[in-house]
Amino acid sequence: MVLVQYIALAEAYYNRGIANYYLENFQGALEDLNGALQINPNNPKSLIARGIISSALGAIEEAIKDYNKVLKINPNNYHAYFNRAVVYSIIGNKQKAIYDYNRALQINPDKADAYYNRGNIRYELGDKQGAIYDYNRALQINPDKADAYYNRGNIHHQLTDKDKAIEDFKKQQISISRKAKR
């Protein structure tokens, strides 16, 4: 019975931490997730959440440590690779970000955000065709991803394919209009 109570307490800390995160009380969220992890130090869900919050607070190395710990526990954790890729991208380590997005997509190839983010990095690295491929995949998964239309349209414009650029910008407007009606 005591173990069940500890698990419930850890879950309560986690839930309050997530609520604090959404309320943009990042310090409170961090304290709650630290409480959850004192009870259950190897909970991937709590480690990932703490990594996200650490990143929001600018504690990048702490975030990376949490994602690394999750990957030691479960080397096939999509969320750890995805979020670590986001952090690597923030600090400008684009090659590590690409690697982690690749791993995340090997684990779960149906995630539009991973393709979209990897496309952004490929574009920043000058790989316009790779970026177009990733935006295409993101749009196959989520046809309402307006930013992917916009970014792909910009690349088409840069490649002097004005017709494709215009088509993408129109699709972006349609996507935004659909979202506004929801």
Side-chain angles (χ1 to χ4, degrees), residues 18-26 29 44-45 48-64 66-67 70-71 76-182:
I18 297 303
N20 275 320
Y21 171 78
Y22 284 116
L23 293 170
E24 296 185 11
N25 176 7
F26 299 131
K45 180 173 71 171
I48 289 170
R50 186 173 71 179
I52 292 167
I53 292 161
S54 294
S55 177
L57 290 168
I60 301 300
E61 290 304 317
E62 294 303 313
I64 291 171
D66 282 339
Y67 302 139
V70 171
L71 292 169
N76 291 312
N77 189 299
Y78 167 86
H79 298 288
Y81 281 113
F82 179 88
N83 287 297
R84 193 173 69 176
V86 169
V87 170
Y88 282 143
S89 180
I90 289 168
I91 63 173
N93 195 333
K94 297 185 187 323
Q95 293 305 323
K96 283 188 175 182
I98 291 274
Y99 174 84
D100 278 357
Y101 284 126
N102 289 344
R103 286 290 295 131
L105 288 165
Q106 287 172 351
I107 295 164
N108 190 341
D110 296 325
K111 294 292 189 174
D113 286 342
Y115 283 108
Y116 174 78
N117 290 357
R118 188 177 70 179
N120 290 341
I121 295 170
R122 285 180 162 177
Y123 174 76
E124 291 171 15
L125 292 172
D127 180 7
K128 292 178 183 174
Q129 293 304 320
I132 288 173
Y133 171 83
D134 282 343
Y135 296 141
N136 288 343
R137 289 288 296 132
L139 290 164
Q140 287 172 348
I141 297 164
N142 180 3
D144 283 333
K145 193 146 188 64
D147 290 345
Y149 287 118
Y150 178 79
N151 290 356
R152 190 176 68 180
N154 276 333
I155 294 171
H156 286 309
H157 177 74
Q158 292 169 9
L159 296 173
T160 66
D161 192 339
K162 306 299 184 211
D163 291 336
K164 283 185 179 178
I166 290 168
E167 182 181 333
D168 276 343
F169 294 140
K170 286 180 181 177
K171 287 179 180 179
Q172 177 206 17
Q173 289 176 333
I174 292 167
S175 176
I176 291 170
S177 295
R178 275 196 300 254
K179 284 182 185 177
K181 291 178 183 176
R182 290 182 195 158

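Every heavy atom of this structure was used, including side-chain atoms; hydrogens, water molecules and symmetry mates were not.
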What class does the angle between the rings of Tyr115 and Tyr133 fall in, given that below 30° is parallel, 30 to 60° is tilted and above 60° is perpendicular? perpendicular
With a cut-off of 6.0 Å (strictly less than), are more than 12 heavy atoms of other residues, nucleotides or ligands near NZ of Lys96? no
Where [X] and [Y] come nearest, the two heavy atoms and their spacing:
| X | Y | answer |
| --- | --- | --- |
| Ser89 | Ala97 | N-CB, 3.9 Å |
| Ser175 | Pro143 | OG-O, 4.5 Å |
| Gly51 | Ala63 | O-CB, 3.2 Å |
| Gly153 | Ala165 | O-CB, 3.4 Å |
| Ala29 | Ile53 | CB-CD1, 3.4 Å |

Distance, nearest 0.5 Å, that separates [atom1] of [X] from [atom2] of [Y]:
| X | Y | atom1 | atom2 | answer |
| --- | --- | --- | --- | --- |
| Lys170 | Ile174 | NZ | CD1 | 8.5 Å |
| Ile132 | Asp127 | CD1 | CG | 9.5 Å |
| Asn93 | Ile64 | CG | CD1 | 8.0 Å |
| Ile141 | Asp110 | CD1 | CG | 5.5 Å |
| Asn151 | Asn120 | CG | CG | 5.0 Å |

Residues passing the side chain to side chain donor-acceptor pair (under 3.5 Å) test with Lys162, sequence neighbours excluded, are His157
With sequence neighbours left out, write down each residue that passes ring-ring contact (aromatic ring centres under 6.0 Å, His included) with [X], or none if nothing qualifies.
| X | result |
| --- | --- |
| Tyr67 | none |
| Tyr78 | Phe82 |
| Tyr135 | Tyr116 |

Who passes side chain to side chain contact (heavy atoms under 4.5 Å, CB included) against [X], sequence neighbours left out?
| X | value |
| --- | --- |
| Lys128 | Tyr123, Ile155, Gln158, Leu159 |
| Lys94 | Ile121, Glu124, Leu125 |
| Asn25 | Asn20, Gln27 |
| Leu71 | Asn77, Ala80, Tyr81, Arg84 |

What pairs of residues pass the salt bridge (Lys or Arg N to Asp or Glu O under 4.0 Å) test when at least one of them lies in residues 129-140, not counting sequence neighbours? Arg118-Asp134, Arg122-Asp134
For residues Tyr22 and Glu24, determine if any side-chain heavy atom of one lies less than 4.5 Å from a side-chain heavy atom of the other. no
Partners of Asp147 by salt bridge (charged side-chain N to carboxylate O under 4.0 Å, His left out), sequence neighbours excluded? none
Taking salt bridge (charged side-chain N to carboxylate O under 4.0 Å, His left out) as the definition, give me every residue that meets it alongside Lys171, ordered by chain and number, with sequence neighbours left out. Glu167
Taking it one step at a time, do His156 and Asp163 satisfy side chain to side chain contact (heavy atoms under 4.5 Å, CB included)? CA-CA 8 Å; His156 286 309; Asp163 291 336; over 6 Å; no
Would you list the atom pairs, donor with acceptor, under 3.5 Å between side chains in residues 54-62 and any protein atom, with sequence neighbours excluded?
residue, atom, partner, partner atom, Å
Ser54, OG, Arg50, O, 2.9
Glu62, OE2, Lys65, NZ, 3.4

